[in-house]
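Just below is one structure, and these are the notes that go with it.
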There are 2 protein chains.
Amino acid sequence: MFSKASQYAIKAIIYIWTQSLQDSKVGAKAIGAAIDAPEAFTAKILQQLSRANLIGSIKGPNGGFYANESHANKTLKDVVRAVDGESLFSGCSLGLNKCSEKNPCPLHFEIVEVRKKLDHMLTNKSIRHLAVEVIKGETNIKHIIQVE
Amino acid sequence: MFSKASQYAIKAIIYIWTQSLQDSKVGAKAIGAAIDAPEAFTAKILQQLSRANLIGSIKGPNGGFYANESHANKTLKDVVRAVDGESLFSGCSLGLNKCSEKNPCPLHFEIVEVRKKLDHMLTNKSIRHLAVEVIKGETNIKHIIQVE
DNA sequence: AACATATAGGATGATTTTGTCCTAAATATA
DNA sequence: TATATTTAGGACAAAATCATCCTATATGTT
C-alpha cells in the first residue's frame, strides 16, 4: 500500500513531532535510529518533507528537523503525497488511461469507497495529534527489539 | 495500490472469462493485445494464475487459457494474493514487526476500515460476474486508443 | 577567522520489479 | 512419426525503488 519511503516518512514525521512538542529539534541520525530506518535514506526523505514544507530544518550545530505551529494542520496524506505522489488517491486503479463514470473499469465504483476510508485514515487526525498519542503511549512507531 | 503485475493479472483474468463464457480459449498473445500489456510479461503472470488454479491452460495447437465452473467462485482477491502476496491484506501498514491491539501503530485501527472496503471490492463479485459486466458493456478493461 | 556540526544534494551501488528472449515440454494434426 | 503450435520456465536486461557515500553549504562556537 505504502512504499518503504513513505512508511519511513510517516514514522519520521510523527517522531519529529513528538520531539518538537517537547521543544527539541532532532537530527537525521537520531531519527533514523528512533524509527529503525537507514540513516542516509531517511535523510533523503527528510529533505523531501522539508522541501514540501511539512517540517522545518536548520543546518549547523544544534540544527536538525522540527515541526511547529506552521505545520500544525498537516496530515499524513500530505506526507504520502510528497513521497509517493498522487497515484494512491486518484487515477484508475487498473492503470487505464481513460476510466470514468461513463467508461468505468470493473473497480471504478468500488475503489471510491476504499479511497474514502484511506482518505479518512490519512486526514482525520493531524500529525501533531498522532504524535500526542505516541507520547501518551497509546500508539507506537518503533520496532520491538527481540531479546533471546 | 496494486503492482503492475496484478493490474495485468486482473485485466487478463477478466478477459479470459469473457472469452470462456463464449466457449473459446485464448492464447497469451491475444490476451496481451486485448489488455495492452507486454506479451511475454503477461505470459509469466498467466503462469502464476494457472499454478494457483485460478485459470486452466492447455498446451499445443488450439491450446490457450480458459476458465470454467471449477474457477467460478474465484475472486480478484485470489488474483492479487497469487501475484502480490498477502501484504496488502495483513501485517502492519507501517512495517512494524510487532503491531497489535495491545501495541498498535498510529494507523492500526484505521487500516482495518480501509482493508474492509478493499476486501469488499475484491470479493463481492466473482471474476466471472465481472466478465459478464464487461460483455454487457457496463465496464471496460482496455485502454482507449487516442486518435489524432 | 578557524573549526566543528548538521542539512542539502549529487553520484553511485544494491535490490526488486518490470519486461524480453530463448529453449523445453506438451499436444493436435497431417 | 514429423511438424507446427502453444504453454512452461530459465536466463537475461531495463527500469524503478531502496540504500550508501562523499562533498558542498550553512551556521553556531571558540
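Sequence lines set the chain letters: A, B, ... in the order given, protein chains first and strands last, and positions in each chain run from 1.
Note on A:A43: nothing from the nucleic acid sits closer than 4.0 angstrom, heavy atoms only. Within the nucleic acid shown, A:V83 has no heavy atom closer than 4.0 Å to any nucleic acid atom. Across all strands shown, A:L46 has no heavy atoms under 4.0 Å from either base or sugar-phosphate atoms.
Other residues, nucleotides and ligands contribute at most 12 non-hydrogen atoms within 6.0 Å of the CG atom of B:N62. Counting heavy-atom neighbours within 6.0 Å of B:K142 NZ, excluding the residue itself, gives a total of 12 or less.
The pair A:E69-A:R128 counts as a salt bridge, with a side-chain nitrogen and a carboxylate oxygen less than 4.0 angstrom apart. A salt bridge does not link B:K136 to B:E133: none of the charged nitrogens lies less than 4.0 Å from a carboxylate oxygen.
Put simply, B:S57 has no side-chain N or O that comes within less than 4.0 Å of OP1 or OP2 on D:dT6.
When the P atom of D:dT27 is taken as reference, atom NZ of A:K25 falls 12 Å away, rounded to whole Å. Distance, A:I58 CD1 to D:dG28 P: 8 Å, rounded to whole Å. Whole-Å rounding puts the B:Q47 CD to D:dA8 P distance at 6 Å.
Within the 4.5 Å cutoff, the side chain of B:L94 has heavy atoms near those of the B:P106 side chain. Looking only at side-chain heavy atoms (C-beta outward), B:F65 and B:Q19 stay at 4.5 Å or farther from each other.
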request  = I would like to know whether A:K29 and A:T42 meet side chain to side chain contact (heavy atoms under 4.5 Å, CB included); could you show each step before the answer?
outcome  = CA-CA 9 Å; A:K29 191 166 189 168; A:T42 303; over 6 Å; no
task = Walk me through it: do B:M1 and A:M1 pass the test side chain to side chain contact (heavy atoms under 4.5 Å, CB included)?
result = CA-CA 5 Å; B:M1 176 106 79; A:M1 175 105 80; 4.1 Å; yes
remark   = Counting primed atoms, P, OP1 and OP2 as sugar-phosphate and everything else as base, the B/S/- map of nucleotides 13-26 of chain D against protein heavy atoms under 4.0 Å is -----SBB----BB
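Contact footprint of chain B on DNA chain C: nucleotides with an atom under 4.0 Å from a non-hydrogen protein atom, first to last in 5' to 3' order, C:dT18 to C:dA28.
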